[in-house]
Amino acid sequence: MLIHVPNVLSGEEVRYCRERLEAAEWTDGRVTAGEQSAKAKLNLQIPQDSDVCRELGEIVLRALGRNPTFNSAALPLRVYPPLFNRYDTGMHFNAHVDNAIRPIPGAGFRIRTDVSSTLFLSSPEDYDGGELVIQDTYGNQSVKLPAGDMVVYPSTSLHSVNRITRGSRWASFFWSQSMVRDDTKRALLYDFDRSIIETRKALPDDHPAVLGLTATYHNLLRQWAEL
Ligand SMILES: O=C(O)CCC(=O)C(=O)O
Ligand SMILES: [Fe+2]
């Protein structure tokens, strides 16, 4: 399931992140890649242990906390501290699959990567190429979103970033361990939640249909969630 989450960051927050990133030191993106994907990767990143990465990561995490679409789609148990990358003209990331298990630096535990996210920090007009191409059950999906918007997709998917032919593409990216590891089940719960939201627009909250659907949603989540 591939979900577009609009307006995760406000225009003001995007501007602030860009300003801080402009002044930051960028390093070779291969530092966080596994052995195979390092060969496929040509981009720049902000060092994970830098103050700017931590500060902007907090802004992204706070924005995720207040976003009902992200929470409904990803059902996050733990979110990896957000990273920041950049592809200048000529840079790209060939097809790869992300590592299944990632240690959280300094935290003393690891997360399973169930859900991948890219939060765009450049406007589509600022660059050519740079689409995130995700291979899913329905074929290749090509994603290029407005600054502040995010795409959420299963970490099981092969994905790539097309070569930039003009300008520069900046983004935040990170993984979440979901309470529901299986993408099919997560997708069912997401559709279910959306249907409940639509039903609540038409019926009062104490209507037996709303109560019944909400109870069933929670009982399904209770069956499937691993904490
Ligand atoms: O830049 C992106 O949108 C994706 C980055 C990515 O796939 C990765 O770093 O593993
Ligand atoms: Fe990736």
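Just follow the structure's listing: the first ligand is 1, and inside any ligand the first atom is 1.
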- Task: Nearest 10° is fine: what angle sits at the Fe ion (ligand 2) between OD1 from Asp98 and NE2 from His96?
- Result: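 OD1 of Asp98 and NE2 of His96 make an angle of 90° at the Fe ion (ligand 2), to the nearest 10°.
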Is [X] in polar range of ligand 1, meaning some N or O pair under 3.5 Å apart?
{"X": "Trp175", "result": "no"}
{"X": "Tyr153", "result": "no"}
{"X": "Gln45", "result": "no"}

- Query: For ligand 1, does Asn85 get within less than 4.0 Å through its side chain, its backbone, both, or neither, judged by non-hydrogen atoms?
  - Reply: side chain
Which residue holds the protein heavy atom closest to [atom], what is that atom called, and what is the gap in Å?
{"atom": "atom 7 (O) of ligand 1", "answer": "His159 NE2, 2.9 Å"}
{"atom": "atom 9 (O) of ligand 1", "answer": "Phe173 CE1, 3.2 Å"}
{"atom": "atom 8 (C) of ligand 1", "answer": "Phe93 CE1, 3.3 Å"}
{"atom": "atom 10 (O) of ligand 1", "answer": "Asp98 OD1, 3.0 Å"}
{"atom": "atom 4 (C) of ligand 1", "answer": "Thr118 OG1, 3.8 Å"}

- Query: With a 4.5 Å limit on heavy-atom distance, are the side chains of Tyr190 and Val180 in contact?
  - Reply: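 No. Closest side-chain heavy atoms not under 4.5 Å.
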- Between His92 and Asn94: side-chain donor-acceptor atoms closer than 3.5 Å: yes
- Query: Between the side chains of Ser72 and Asp193, does any donor sit under 3.5 Å from an acceptor?
  - Reply: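 Note: Ser72 and Asp193 side chains meet the donor-acceptor criterion.
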- Message: Test of understanding: clusters of I, L, V, M, F, W, Y form through side-chain heavy atoms closer than 4.5 Å, transitively. Do Val115 and Leu189 belong to the same one?
- Response: no
- Message: Please evaluate residues Leu21 and Arg86 with respect to the criterion side chain to side chain contact (heavy atoms under 4.5 Å, CB included), reporting the C-alpha separation (whole Å), side-chain torsions for both, the decisive distance (0.1 Å), and the verdict.
- Response: CA-CA 10 Å; Leu21 292 171; Arg86 159 178 164 189; over 6 Å; no
- Apply salt bridge (Lys or Arg N to Asp or Glu O under 4.0 Å) to Arg18 and list each qualifying residue two or more places apart in sequence or on a separate chain. none
- Task: Can you establish whether the number of heavy atoms outside Glu22 located under 6.0 Å from its atom CD is more than 12?
- Result: yes
